[in-house]
**Q** 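My questions will all concern the structure given below.
Keep in mind that this is a model prediction, so the values were computed, not measured.
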Amino acid sequence: MMVPVALLLLGILIAALAPRLLARADWTEREPVVALWVWQCVVAAVLLCCALSMTLSAAGAWQAVRGNLFAPAPATVVEAYALGTEGPWAATTAVLLACGGAWTAAMLSREIFRARSGRGRRRAELLVRAPLLPGEEPGTDRLVVLEGERPDAWWLPGAAPQLVITTAALRRLTKRQLDAVLAHEQGHAQARHDWLLHCSGALASGFPQVPVFEAFRSQMHRLVELAADDVASRRFGRLTTALALVELNEDRGVFGPCPVPHAQVPQRIHRLLAPESRLTPARRLRLTAAAALVPVVPLLVTFVPALRTLG
C-alpha cells in the first residue's frame, strides 16, 4: 500500500520546501495578510498529510477500521488500495501518527489553558491597578487607562476584550497617534491573531525538532504585527503609525545595538516610512487561490486509487 507512504513523503516535501520558498519571496512584507494565509495553508497541508496517512495505515492494519472506513465503497475500491498487504509497519505508522495527533491536541489544550490563565491573572492585576467605581460592572469599558511611567498599550482579549493604555502613553502620543495605536490593537482583535499565535506556539513547542513549525511560529509573530500596522496605516497614515511606534518604544532600547526583546520594531518603522508598492489585486488573488490548493493535493493523492477505479 503506497498511498500512506506517498502522503508522508508529500508532507515532508511540503514542510521542507514551503518555508524556503516563502523566505525567498519578496512579497510577504508587502502583503502580510496573504502571507498569513499561505502559511496557514502550508501547515494545514502538512497536518492533513499526517492525518490521512494515519487513517489509511490504520485501515490497512486493522479490519475493524477498514470496514468502517470503506463501508459504502465498492469492493473494487478497497482492492485498489491493496489494504491488508503491507505488513506490520502499517500498525506502527498508525500508532506513531496517532500519538503525534494526541500530542498536538495536548499542546494546543495547554496553550489555551495558559492563555486563559494568563488573561485571568492580567485582569485581576488590572482590577487592582484600576479598581471599579461604585456601580460599575467589570468588563463594561473597552478602554482602560492605567497610571504608568512607561508609555505602553496592549489589547487584552477574551469574552469582554479591553484595550489597556498607560497615562505615559496618553501624555506622549498625539490624538491621531493614539487613534493609530487603537486601530492597530483592534486589527489584532478583529483578525483573531491570538488564535494564530496559540496554534503556532502549540505546534512549535510540541514538535521543536520540526523546522516548519518553528518557522510557522516566528513568522506568525512577525506577520500579525505587520498586518496590524497596515490596518492602522490605512486609516491614519504610515507616518502617524510609525511615529506612534517610535513614541511607544523609544524608552525600551529597541533602537540600540542589541534590541533583542523588540528586534522587529525598527524594521516595522522602516517598512512604514519606506513602503514598497503592494501587489496587484490579480496577483493577490492568484497567490490566495494557489495557497488554497496546497491542502487539496493530499486529498487528491488519497483519492487517486478510488478515482481510477471508478473512472
**Q** Verify the neighbour count for atom CH2 of Trp27: are there more than 12 heavy atoms of other residues, nucleotides or ligands below 6.0 Å?
**A**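 Atom CH2 in Trp27 is packed in, count exceeds 12.
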**Q** Side chains of Asp194 and His188: does their closest heavy-atom pair fall under 4.5 Å?
**A**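 No, every pair of side-chain atoms sits at 4.5 Å or beyond.
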**Q** Is any side-chain heavy atom of Arg271 less than 4.5 Å from a side-chain heavy atom of Pro32?
**A**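 Yes, at least one pair of side-chain atoms sits under 4.5 Å.
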**Q** Does the Ser57 side chain pair with the main chain of Met54, one donor and one acceptor, at a distance under 3.5 Å?
**A**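 Side chain of Ser57 to backbone of Met54: no pair is present.
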**Q** May I have the list of side-chain donor-acceptor pairs in residues 239-246 shorter than 3.5 Å, sequence neighbours left out?
**A**
unit_1, atom_1, unit_2, atom_2, d
Thr240, OG1, Phe236, O, 3.2
Thr241, OG1, Gly237, O, 2.9

**Q** Is the shortest heavy-atom distance from the side chain of Glu225 to the side chain of His221 under 4.5 Å?
**A** no
**Q** Go through the structure and list residues passing salt bridge (charged side-chain N to carboxylate O under 4.0 Å, His left out) with Glu276, not counting sequence neighbours.
**A**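 For Glu276 the salt bridge (charged side-chain N to carboxylate O under 4.0 Å, His left out) partners, ignoring immediate neighbours, are Arg30.
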**Q** Are Glu111 and Arg114 within salt-bridge range, i.e. N to O under 4.0 Å?
**A** no
**Q** Show me the pairs that pass side-chain hydrogen bond (donor to acceptor under 3.5 Å, both in side chains) and involve residues 172-181, at least two apart or across chains.
**A** Arg172-Asp251, Lys175-Asp179
**Q** Please check if atom NE2 in His270 has more than 12 non-hydrogen atoms from other residues, nucleotides or ligands closer than 6.0 Å.
**A** no
**Q** Using the rule salt bridge (charged side-chain N to carboxylate O under 4.0 Å, His left out), only one of Arg268, Arg238, Arg235 pairs with Asp229; which is it?
**A** Arg268
**Q** Evaluate whether atom CH2 of Trp195 has more than 12 neighbouring non-hydrogen atoms of other residues, nucleotides or ligands under 6.0 angstrom away.
**A** no
